[in-house]
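What follows is one structure encoded as structure tokens, with my remarks underneath.
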Amino acid sequence: MKAELTPDGTGFTLTRGAWSNTYPLADLDRWLEFYRRQPVDFPKSGQAYAESIAALESLAARLQTK
């Protein structure tokens, strides 16, 4: 899973394999909260969301250092 800032800086794109979707940058915290909640709400998912969480946390950290 990759999370990258869009070229115009107004959004971010999540990519996993052939799947990708772009979201407004203002929604980054909301999506990070969503993905962090999934393993709690659905424990059988195991580590299925770990890559998504790591990618979003990495993007958020990079944005904070700018």
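Since we're looking at a predicted model, the values are computed, not measured.
- At least one side-chain heavy atom of Trp19 sits less than 4.5 Å from a side-chain heavy atom of Leu14.
- Under the 4.5 Å side-chain heavy-atom criterion for Ile, Leu, Val, Met, Phe, Trp and Tyr, Leu63 and Ile53 are members of the same hydrophobic cluster.
- What you find for Ser45 and Pro39 is that their closest heavy atoms are OG-CA, 3.8 Å.
- Here CD of Gln47 is found 11.5 Å from OG of Ser52. Values are rounded to the nearest 0.5 Å.
- When atom types are taken as modelled, the side chain of Glu51 and the backbone of Met1 share a donor-acceptor pair closer than 3.5 angstrom.
- Tracing side-chain contacts under 4.5 Å through hydrophobic residues (I, L, V, M, F, W, Y), one never reaches Val40 starting from Leu56; they form parts of separate clusters.
- Side-chain atoms of Lys2 and Arg16, non-hydrogen and from C-beta on, never get closer than 4.5 Å to each other.
- When atom types are taken as modelled, the side chain of Thr6 and the backbone of Gly11 share a donor-acceptor pair closer than 3.5 angstrom.
- Closest approach of Leu5 and Leu59 over heavy atoms only: N-CD1, 4.1 Å.
- In this structure, Arg36 and Leu32 have side chains that are in contact, with non-hydrogen atoms separated by less than 4.5 Å.
- Using a 4.5 Å heavy-atom cutoff, the side chains of Thr22 and Phe12 are not in contact.
- The aromatic rings of Trp31 and Tyr35 sit tilted relative to each other, their planes meeting at an angle between 30° and 60°.
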